[in-house]
Amino acid sequence: MTIYTSTLLRLLGERGYIHQMTDAAGLDKLAQNQVVPGYIGFDATAPSLHVGSLVQIMMLRRLQQAGHKPIVLMGGGTTKVGDPSGKDESRKLLTPEAIQANIASIRTVFERLLTFGDGPTDAVMVDNDDWLNKLGYIELLRTVGPHFTINRMLTFDSVKLRLEREQPLTFLEFNYMILQAYDFRELALLHNCRLQMGGSDQWGNIVNGIELTRRMEGREVFGLTTPLLTTADGAKMGKTAAGAVWLNEDQLPSYDFWQYWRNCDDRDVGRFLRLFTDLPLDEVARLEALEGAEINQAKVVLANEVTRLVRGEEAALAAEATAHETFAGGGAGEDLPTIAVGIEGMRIGALLTAIGFTASNGEAKRKLAEGAVKLDDQVISDPGLLIEIAEGEQRKLSLGKKKHGIITR
C-alpha cells in the first residue's frame, strides 16, 4: 500500500476508496498544506439516489472528516442532457420542475451525512444549471469547443459502447462530457475547487475537466476515482431482483434498506464496513475475521451502522427490532411491509405480487409450487387459496427466509 503524508489520502487509501489519481504526489502535498475543496456530481433523474451512489457520498464525508470542504454538485443542468456513461440507451428527459423536485428530495440524505454551513470545511450544495442555463451556444462553441477533439471523444468508453453496439448516441448526449468538464472549470473559479472525485467510469470525464481548467484558467486541479463497486458475486452495487435499493425512505422502507445490508455476501462484510461506516479499522478487522454463523453478528452491525447514517438512529433501531421479532421471536415486527385486503379477501398469488415479493403472478405460482411461501409460518402451495382477514386481524406472509410482510384489513 502506498504511504501518504496527508490525512485525506491516508483515510481514503486505508478504507479502500482509491482506484486512480491524476497526480497522487501533488494532491497529497496540497491536502497536507491547505483545505482542499473537492466535488462529486450527482444527476437528479429520480427523487432519490440509490446505494450505488453511497460510496461517492461517503467519499465526500471522508473529505470533510479529514478537514477539507465537500462540494455536492447537483446536475440540474446536465440532467437535462443525460450522461451516456454506462448506458445502453438514452434516458428519458425530465421537466425543469421535476428535476428541481428531485434535487430537494435528494438533499435530505446529504444533510444526514455532511455538515452544511458557511465555514471553511462546511459542505455546500450547488446546481450546475446556475451556469449551464446561461451559457450561450455560440459562446460554448468559441470558448470551450477548441479544447476538445472529436477524435479523442470517440475513444471514451461511454461513446464506444454505444457505437460498437450500433445503438443511437444523440448529439445531446455527446455534449455531456463537454458540459461536465465545464463544471470543473466553473467550480474552480467560483469555489476554488481543486479536486473532482467519482466512480471509475467517470475517469475520462474527470481528466477532460482537469485539462479544460488548466487550458482556460491555468489552474492546477486534481482527479480521483473509486474502484468499480460490485458485490462478491459480481452484481452491480445497489441493484437487486426486487429493484433499486433507494437511499430515501419515501422510495424504500427502512426495514428493506436494513435487510439489504444484513443479507450481504459474507465476503463483502469487511469491505462494506470500511466503505460505508465510521467504525474504527481495528473493529472492522475484528468483525470481518468472524467465521461461520458468527459472521451474521458483523452483518447486523453493518446493517445498523449504515441505516443509522443514512436513515437515522430511530430507523436503525426499529429495523433491527423488527428483524429480531420476525426471525428470532417468530412474530411479525411492526416495521414489515404491510398490505391491506378488502372484505372479499385476495388470492395468495395476487397477494405475493401486490406486496412486491414477486414480479408477476406467474412467478408467484412458481414460488408456491417450490414450497417457498408461508402464511403464519405454515407452507402454502395452492395459488388459488383465498386469504380473508377479519377486522383488526394480522397475518404474516413470508417468501423464503428473507422476505416477510403483514396482511391486514
Side-chain angles (χ1 to χ4, degrees), residues 45-52 88-89 91-92 105 231 233 235-265 303 307 311 315 318-319 321-327 329-409:
T45 54
S48 172
L49 301 173
H50 61 67
V51 161
D88 286 343
E89 58 186 26
R91 68 163 54 136
K92 178 185 174 184
S105 178
T231 56
D233 60 4
K236 193 172 181 180
M237 188 79 186
K239 299 288 187 182
T240 69
V245 182
W246 299 106
L247 299 182
N248 283 51
E249 172 80 28
D250 289 347
Q251 275 66 48
L252 184 74
S254 289
Y255 175 74
D256 293 336
F257 183 80
W258 188 94
Q259 279 290 110
Y260 173 78
W261 301 99
R262 168 60 183 82
N263 294 333
C264 76
D265 191 294
T307 306
R311 299 291 182 85
T322 294
H324 179 76
E325 187 173 346
T326 302
F327 295 103
E334 294 178 359
D335 205 30
L336 291 176
T338 301
I339 185 167
V341 302
I343 192 170
E344 69 282 0
M346 188 181 291
R347 303 288 176 187
I348 187 74
L351 264 172
L352 287 165
T353 303
I355 203 170
F357 289 176
T358 54
S360 65
N361 288 345
E363 184 187 356
K365 286 182 179 179
R366 289 195 299 275
K367 295 298 182 183
L368 286 158
E370 293 167 4
V373 179
K374 291 183 179 180
L375 184 64
D376 294 331
D377 298 322
Q378 300 296 314
V379 175
I380 302 295
S381 57
D382 178 9
L385 179 67
L386 181 66
I387 307 298
E388 297 176 296
I389 304 292
E391 193 72 42
E393 183 185 10
Q394 288 190 350
R395 304 188 72 178
K396 185 172 76 170
L397 180 65
S398 304
L399 175 61
K401 295 180 179 180
K402 297 176 180 177
K403 290 185 178 180
H404 305 274
I406 300 171
I407 311 169
T408 65
R409 187 176 130 194

Tell me the closest heavy-atom pair linking E249 and R311, and the distance in Å. OE1-NH1, 3.1 Å
Specify the closest pair of heavy atoms between T358 and A364, including all atoms of both residues, with the distance to one decimal. OG1-CB, 3.7 Å
Rounded to the nearest 0.5 Å, the CD atom of E370 sits from the CG atom of L399 at a distance of 9.0 Å
Side chains of I348 and L397: does their closest heavy-atom pair fall under 4.5 Å? yes
With rounding to the nearest 0.5 Å, note down the distance linking CG in N248 to CZ in F257. 10.0 Å
Quick one: OG1 on T307 to CD on Q259, what's the gap to the nearest 0.5 Å? 9.5 Å
Minimum heavy-atom distance A303-W261, with the two atoms named: CA-CB, 3.7 Å
L368 and L385, any side-chain heavy atoms less than 4.5 Å apart: no
Is it true that S105 and D250 share a donor-acceptor pair across their side chains at a distance under 3.5 Å? no
I'd like to check I407 versus L375 (side-chain heavy atoms, cut-off strictly below 4.5 Å). Are they in contact? yes
Quick check: do V51 and L247 have side-chain heavy atoms less than 4.5 Å from each other? yes
Ignoring hydrogens, what is the shortest heavy-atom contact between S48 and W246? Give both atom names and the distance. O-CZ3, 3.0 Å
Roughly how far, to the nearest 0.5 Å, is the NZ atom of K365 from the CG atom of L352? 12.5 Å
Taking the side chain as everything from C-beta on, heavy atoms only, tell me whether D265 gets closer than 4.5 Å to T231. no
Please check this pair: side chain of T353 against backbone of S360, looking for a donor-acceptor N/O pair closer than 3.5 Å. yes
